[in-house]
Amino acid sequence: MIEVRGLTKRYGARVAVDDVTFTVEPGRVTGFLGPNGSGKSTTMRMILGLVAPTAGHALVDGRPHRAFDRPLRRVGALLDADAVPAGRSAYHHLASIAASNDIARGRVDEVLDVVGLRAAARRRAGGFSLGMRQRLGIAVALLGDPPVLLLDEPVNGLDPDGVRWIRTLLRKSAAEGRTVFVAGHLMSEMALTADHVIVLSRGRVIVDTTIAEFVRGGARGDVLVRSPYGPRLSALLTARGATVTVEPDGALAVEGLAYSRIGELAAGEGLVIHELVARQGSLEEAYLRITEPEAVHRAADGVPDGAGA
Amino acid sequence: MSRVLVPRGVLAAEWIKLRTLRSTYFTVLVSAVAALGLGAFDLGNLVADRDAMSAERRAAFDPVRFGFSGGYYVVVLAVGTLGVSTASSEYGSGLIRTTFTAVPRRRRVFAAKVVVVGGATLVLGEVIAFATFFLGQAILADEHLEVGLGAPHVLRAVLATGAFVMVFALIGLALGVIVRHTAGAIAALFGLFFVAPMVTGAAGDRLRNGTLQQAFQALSSTTGADAAGRPSTVTAVVVCLLWVGVALAVAAWVIERRDV
């Protein structure tokens, strides 16, 4: 379990993380979403004691990260896939990290097998592709077989096979009762992996709910209607409380009435309908709708993405 | 005490990092070739031109120090650069976060680096210093100019020359932690060695004797404090300890305080 309470980080006048409070429960995958520069990475680094908070605190299984003597056995983290030693082999990289936490050397071979890097283990990590670097970073996170996993953008640069592999790994880890906390900015990917979602925007938590709830509450559904009697139909539906928007091609986008009710109303007035489609809003749309105004605002402010992240 | 300050596992981790870095072997090779090659070259020239030497030069000739001149500057700088990069490369690549996530008590990491880098460069420095010394004396033996390790100040000069390599590597390591950028830290280190004596020279011998280069020259010569206004052996040792002590203390202080 990860408990974050009132966590705040200021860089001069800029607030990167603003009074953030949430709990990441064990036994499920919690997605940590937000546009680039929204404070996800800074929050994760504060949880790991790399960045000192201006206010608030974060606990991992009830203790601050610094209190752990061999923390890799408690928390495994992937922060930045590009952080590989250019001149060292994957094997020696893992061996040095394992040694620092008194993890047996045999575990290095095990994690190399798990991430599928056994064949490349003796090659210089500097020559790895981004996908291989991600796998190496995940191998580091898994070294101590920790009950808490904290991964920042683990699917970046992975091919479709790799994406499926990491999804399975995360689901399996959660099923084993581990706490799995995954930052990302792709809602579509999160929808397939996460049970719970925390959305950060401009350093603040704007959503903290289950994926199911997020879809229900956030995703807009409407009905697309094509009819030669557009204006009359529009007036009729508006009179019944619907919100009607005319799309560029003349079709009507109707919100607030079920498609069956629209069909009945049109039939009652003898209005011909050529097409009637119920459109389900996607999670991606819901996510963009809540974060996009912020992203636009951010661009207008001239705040660089990822600054201080 | 070692359990508290530097757990064995953290020490082992730093040792693996050092010995699996290609630049480590490159440094060893460059150092050995420079020290032995340039030392032998200088002494060979000297032996060949011996008849042309003036009486004063012959009187001031230091058979130990002479072999440690040109090539040894390359050794000191190569090993200093290695010291810098053991810290700065981790900051540059972002690996420092992985390191500190694994060992949140950052001073343990720093202490382990000090022990590993210090130990390795001390061994390297002494091996090269003794090899250079014996090679040099073999060349000088042709002209019967050689001295033995038992002669006054000779053992001290050879030992101190080897140890200075460690001093410089540790200052480099500290600068790597403080500056966090390889190029900047190396510039600072070289500036400390080459520029500081020139700048302080203008302010007089006393200040100039506080620089590392003067200390190195004094420690590697068998004539001790001579007419050239060099610091005494004791002063030179104190100067080295002060520089190392201050550099390590500042690095240990900032390493805990900064966000990574």
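Letters go in sequence order (proteins before strands), and every chain restarts at 1.
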Heavy-atom pairs under 4.5 Å with chain B: which of [options] has the most?
options                     : value
A:M46, A:R73, A:H92         : A:H92
A:P85, A:A67, A:G49, A:G137 : A:P85
A:A98, A:A83, A:S89, A:G87  : A:A83

Chain B heavy atoms under 4.5 Å from [X]: which part of the residue, side chain, backbone, both or neither?
X     : value
A:V51 : both
A:A77 : side chain
A:A86 : neither
A:D82 : backbone
A:L48 : side chain
A:V75 : neither

Given side chains that start at C-beta, do those of [X] and [Y] come closer than 4.5 Å, heavy atoms only?
X      : Y      : value
B:V116 : B:L11  : yes
A:L7   : A:D19  : no
A:L117 : A:F128 : yes

Are the aromatic ring centres of B:F164 and B:Y72 under 6.0 angstrom apart?
-> no

Classify the side-chain pair B:T161/B:S220 by whether it contains a donor and acceptor separated by less than 3.5 Å.
-> no

Can a donor-acceptor pair be found between the side chains of A:T23 and A:R5 at a distance below 3.5 Å?
-> yes

Short N-O contact, A:R70 and A:D102, less than 4.0 angstrom = yes

Measuring heavy-atom distances to chain A, does B:R258 have an atom under 4.5 Å in its side chain, in its backbone, in both, or in neither?
-> backbone

Tell me, for B:T98 versus chain A, whether the close heavy atoms (under 4.5 Å) come from the side chain, the backbone, both or neither.
-> side chain

Would you sort out whether A:D69 and B:R105 count as a salt bridge (charged side-chain N to carboxylate O under 4.0 Å, His left out), showing the intermediate values?
-> CA-CA 9 Å; A:D69 211 36; B:R105 284 170 219 176; 3.7 Å; yes

